[in-house]
Amino acid sequence: AVPDDHVIVLFGATGDLARRKLLPGLFHLAKAGLLPDRYRIVGSAPAQAALSDDEFRKRARESVAEFGRSRPEGKAWQRFEESLSFGAADPEDPGPLLEAVRDAEQALGGSPRRLFHLAVPPAAFASVIELLGATGLADGARVIVEKPFGTDLPSARALNATIHSVFDESRVFRIDHFLGKESVDNILALRFANGLLEPVWNRDHISHVQIDVPEKIGIEGRAQFFEGTGTFRDMIVTHLFQLLGFVAMEPPTTLAAKPLRDEKEKVFQSMRSLDPAHVVRGQYEGYRDEPGVDPRSDTETFVALRVELDNWRWAGVPFYLRSGKSLAEGRHIVTLGFREPALRMFPLTARHRTRTNELVIDFDDPGRIAARFLVKDPGPAMRLSDAEMVFSYAESFNTMHALEGYERLILDAMLGDQSLFTRSDGIERLWEVSTPLLDDPPPVEPYAPGSWGPDGINRLIAPYHWSLPGRR
Ligand code: BG6
């Protein structure tokens, strides 16, 4: 499906997210023929960061050249570039933005849809929403709101109330780009299109689950954002909890937005409040020396924690989550650890003692799935070795046409499909279960850059083991 004609307004157009992901992503959608026949993209920012149309086009060209998958050249680029314009907006003076939107709508003719993308820091969401309401720009429009949505339960509630005073929930698209990743969406196919795995996808067969997203990168000059956010709010309460929702949900009655999101929200309802005793907070050595970071900062750059679900499918099965900056590798992995067989008939060497069967879903783009099990070594003796069955997207498909998370989700928002967006009740519930941790966070433990995190992580997961870094 191709969306209706659109005027897309990008708040935060001069920011890091627009530069790295959104402008390159929009150009990729244009090249792939997935933008509407007729569209305009209006960049916006506060007056002190205002750009002329030409400056905005130049910036877009540079960002596509640096971060895009296709070069900013040829007819496709020319057409995309011509669609770009800029209109600054401040609560006291929305004039330039109003003018830019009006010009864009006139250029398209008819009545194009408006889509606002709020790629701004969380503290700025409310004032932008209020501006959209006060100016009438919000009428009939859809809005994409970035994460993190609030910083705790009261602020998330207040933000939802502000949004709902201007936008009906059916027009709100809270974005979490992990849910647009091809291989995250594939968790639904893997579980519900096959008869192979779902019968064992429960507490009878699975001993524990790991959701592991270590990052090699540090804070990449984002001190201001990061100091006020930290890894728990940046990664856990958002990306990793959403992934947990997909891994743990019951089969929805259909894949339509409502049943799918209902089932995910039920997982969040069944989440037990986080216990600070089962949380490891870390900070990489040298973080306090980064420009813009408070030399006494208590902000965490790493979190590992145990989550428990009080429902019939998962009672007693711990979920271990980990994410952090400046770690040994950048990976995206979900591991299901299976229970041991009832009887151990085979002598296991120390090498195998801890390695039970595992299903590892690797959702690095483009992703792979591996089943790990034990096989007999060839030869007269009964000796076991580790083996792996692997499905790889890159080897099985031409992934050239795959969309990245943001691309997929911006397309879905233009089409009005909310399936892969988060909902107000779910988000509020996630802040609710996080409250004990936010109120009483354990102290940050230092860890060496390039490691897998502070020492406490192995105690946290015992008697199991992190499936990264690979074979022990
Ligand atoms: C963003 C976080 O939402 O996700 C970043 O703000 C993080 O801190 C990024 O690096 C990770 O996304 P991806 O898709 O590169 O794993």
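Read the numbers this way: they start at 1 and go in the same order the structure lists the ligands and their atoms. One is the number of the first residue; the rest follow in order along the sequence. Scope of the values below: all heavy atoms of this structure, side chains included, with no hydrogens, waters or symmetry mates.
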For the 3.5 Å polar cut-off, considering only N or O atoms, please tell me whether K147 and ligand 1 meet it.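 N/O-N/O distance below 3.5 Å exists for this pair.
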Please work out which of the three classes, parallel, tilted or perpendicular, describes the rings of Y39 and F80, given edges at 30° and 60°.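 F80 vs Y39 ring planes: tilted.
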Please round to the nearest 0.5 Å and tell me the distance separating atom CG of L430 and atom OG1 of T238.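 If we round to the nearest 0.5 Å, L430:CG and T238:OG1 are 9.5 Å apart.
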Identify the protein heavy atom lying closest to atom 12 (O) of ligand 1, giving its residue, its atom name and the separation to 0.1 Å.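 Answer for atom 12 (O) of ligand 1: H177 NE2, 3.1 Å.
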Could you check atom 10 (O) of ligand 1 against the protein and tell me its nearest heavy-atom contact, residue, atom and distance included?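 Its nearest protein heavy-atom neighbour is E215 OE2, 2.5 Å.
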Y393 vs N186, side-chain contact (heavy atoms from CB on, under 4.5 Å): CA-CA, chis, key distance, verdict: CA-CA 11 Å; Y393 262 101; N186 187 44; 3.2 Å; yes
State the atoms of ligand 1, each with its element, that fall below the 4.0 Å cut-off from a heavy-atom position in [X].
X	value
H332	13 (P), 16 (O)
D234	2 (C), 5 (C), 6 (O), 8 (O)
K181	13 (P), 14 (O), 16 (O)
K325	5 (C), 7 (C), 8 (O), 10 (O)

Sub-4.0 Å protein heavy atom next to atom 4 (O) of ligand 1: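 Answer yes: something from the protein, a heavy atom, is under 4.0 Å.
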Is F226 near ligand 1, meaning one of its heavy atoms is under 4.0 Å from it?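 F226 does not count as a contact of ligand 1 under the 4.0 Å cut-off.
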Looking only at heavy atoms of E220, does any of them come nearer than 4.0 Å to an atom of ligand 1?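 No.
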With R429 as the cation and F268 as the aromatic partner, state whether NZ or CZ is under 6.0 Å from the six-membered ring centre and within 45° of the axis.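 Not flagged: R429 not positioned over aromatic ring of F268.
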Can you list the steps and then say if I41 with F27 is a side-chain contact (heavy atoms from CB on, under 4.5 Å)? CA-CA 11 Å; I41 298 167; F27 179 53; over 6 Å; no
Tell me whether D262 is salt-bridged to R423, with the criterion being a basic N under 4.0 Å from an acidic carboxylate O.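 A salt bridge is present here (some side-chain N lies under 4.0 Å from a carboxylate O).
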Residue of the set T229, T422, D176, D234 for which side-chain hydrogen bond (donor to acceptor under 3.5 Å, both in side chains) holds with K147: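 For K147, the side-chain hydrogen bond (donor to acceptor under 3.5 Å, both in side chains) test succeeds with only one of T229, T422, D176, D234, which is D234.
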